[in-house]
There are 2 protein chains.
Amino acid sequence: MEKSRKEQIIQSAAKLFKEKGFEAASMRDIARTLGIEAASLYSHIKSKDEILELICFRTADELIKAIDEVNDLYFNAEEKLSMAIKNHVKIITENLDSSSVFLREWRHLTKPKLKEFISLRDRYENGFKQILVNGENENVFDAPDKKFAVLTILSALNWLTEWYNPNGKMTPDEIAEHLTEFILTGLRVKSVV
Amino acid sequence: MEKSRKEQIIQSAAKLFKEKGFEAASMRDIARTLGIEAASLYSHIKSKDEILELICFRTADELIKAIDEVNDLYFNAEEKLSMAIKNHVKIITENLDSSSVFLREWRHLTKPKLKEFISLRDRYENGFKQILVNGENENVFDAPDKKFAVLTILSALNWLTEWYNPNGKMTPDEIAEHLTEFILTGLRVKSVV
DNA sequence: TAAATTGCCTAACAGTCGTTAGGATAAAAC
DNA sequence: GTTTTATCCTAACGACTGTTAGGCAATTTA
C-alpha cells in the first residue's frame, strides 16, 4: 500500500519548506508537486500551519524518544553519549527534509504551539545535559558549563542538515563515529599511552 | 552624525529578517519600524533583494578579511585557530542580526548573487582548512578529514546566533576561549602531565 | 535668489497568498 | 442499491505582496 495522501502532502511540503523556506513555499507549490489544485489539499489537512506543526512535532517526538531510551538503557556515560549521537545522526540523515524544517522553520509555528515546541526542545537538551552530569560523576568528562557544552555538541550535530549528502562517501554511522571522536577528544594529537 | 537613512533601513531590515525570516518580513514592516511608508524606502534602496544582498555580503567580506589576516599574521597553527575563532565569535556577537541573516537567509539570494555568495563562503571555509593543514604539518592537530573537521568547527561557532545573549554572563572573549578549548581537547578529562 | 537634491507622501498596479463554498465523480461500506 | 467516504474540481474571497508614478515640502548648493 502506498502512503496516504495526507502523508504525501506532508512529505512534499517538508521538501519545499526545506528548499524555499516555510513562507516562500506556497500551497500552490505543494499542490503542483502532487499534480492537484491547492484547494484540494484542504480535503486532507486543516491549514498550512498544521503541516508545519506535524513536521516539527514528529521530529521532536522522535528525538526525545531516542534520548529517553538512551538514558534508560545504558549506564556508562561515554557509551550513552556515543549512542545519543548515533541516534541523532540517524534520525537526521533518515529524515533530511523534516529535520531541516524542524531545525530552521520552527520559528514560524504560531503562538501556543511555538511554546510547546520550545519546551520539547529544552527537554531534549536536558537529556544530553544529563549524560554530561553522569560523565562528570564518573570522572570521564570535564565540562564545567554543561549548557554551553550541550549547545556546542548539538550544533555540530545539527549542522549536518546543511551539508550531509546521502550520496556522499560517509555513511551515517561513520559520521556519527567521527563526531563522537571529535567531541570526546577534539583536534589535538592523541598522546601514545 | 547619526547613521544614514540607508544604513538605518539595512539595520532594521536585518533585525526583522532575523526575527521573521526574509520572506515573512515585508517592506511595510521595515518601513513601520522607521515611522515611514513602504514606498519611501525606495528613495534609499533599489529593492528588497538588494537589502538582503548588502547584509549577506557585508558579513561575508568581514569574515573573509578576518581569516586572511590571521593566516597572514601568525605562524603557529594553534595560535591561528585560536585567533580565527576569536575573530569569528567577535564578528558574530557584534552583528547578531546581520550574522543570523547571513547564516540563515542567504538561500533567498537570487541567481547570480547566490553563486557569488557560495563561493565566498567556500573561500572562508578554505581559510580554516589551511589552518588545519598547518597544524598537521606541525604535528599538533590530528584531523584526517579536513572538510569534515572544518564544518564541525564552524557549526559550533555558527550556532552562537541561536543562543548567544548579549546580556548573558559570558563575554564574547570567554565564549571564544571555551570554544577553542572545546575544539582543541574535547570533552575528555585532561590527564595530568 | 534660483536651482537642484533629499526625503517623504498618497494612490495605485498587477500579482500572489491562504482559504472557503459548493459541487462532481468514483470507490467502498452497508 | 443506497449511502457514505475519499478525492478532486472551479470559482472566488479579502488580504497582502513588492514596486512604480507623480507630486509636495524642506534643505542644500550654485
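Residue numbers begin at 1 in each chain, while the letters A, B, ... track the order of the sequences.
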Roughly how many Å is it from [atom1] in [X] to [atom2] in [N], rounded to a whole number?
X	N	atom1	atom2	value
A:Ile30	C:dC17	CD1	C1'	12 Å
A:Glu7	D:dA6	CD	C1'	16 Å
A:Leu41	C:dC17	CG	P	13 Å
A:Ile45	D:dA6	CD1	C1'	15 Å
A:His108	C:dG18	NE2	P	12 Å
B:Arg5	C:dC8	CZ	C1'	9 Å
A:Glu50	C:dG18	CD	P	15 Å
A:Arg32	C:dT16	CZ	P	10 Å

Problem set entry | Heavy-atom side-chain contact between B:Asn71 and B:Ile131 under 4.5 Å | yes
Exercise. Among B:Phe102, B:Phe22, B:Phe17, B:Phe117, which residue meets the ring pair (Phe, Tyr, Trp, His ring centres under 6.0 Å) test with B:His108?
Worked result: B:Phe22
With distance as the sole test, does [X] use its side chain to make a donor-acceptor pair with the main-chain N or O of [Y] at under 3.5 Å?
X	Y	result
B:Thr33	B:Ile30	yes
A:Arg5	A:His44	no
B:Trp159	B:Ala156	no

Problem set entry | Side-chain N or O of A:Ser40 closer than 4.0 Å to phosphate OP1/OP2 of D:dC9 |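 So the side chain of A:Ser40 is within the cut-off, an N or O lying under 4.0 Å from OP1 or OP2 of D:dC9.
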Exercise. Would you say a side-chain N or O of B:His44 is under 4.0 Å from OP1 or OP2 of C:dT6?
Worked result: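 Result: no.
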Exercise. Heavy atom of residues 15-28 of chain B under 4.0 Å from DNA chain C: which residues?
Worked result: B:Arg28
Can you identify which nucleotide, out of [options], has its nearest atom closest to the [X] side chain?
X	options	result
A:Ile36	D:dT19, D:dA11, D:dC8	D:dC8
B:Lys48	C:dT19, D:dG18, D:dT10	D:dG18
B:Ala38	D:dT20, C:dA21, D:dT19	D:dT19
A:Glu37	D:dC9, D:dC8, D:dT20	D:dC9

Exercise. Given A:Asn158 and A:His88, is the side-chain hydrogen bond (donor to acceptor under 3.5 Å, both in side chains) satisfied, shown in steps?
Worked result: CA-CA 9 Å; A:Asn158 290 338; A:His88 191 102; 2.8 Å; yes
For this session: Have a look at B:Arg107 and tell me which of A:Glu162, A:Glu19, A:Glu23 forms a salt bridge (Lys or Arg N to Asp or Glu O under 4.0 Å) with it.
Result: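 Single pass found, and it is A:Glu162.
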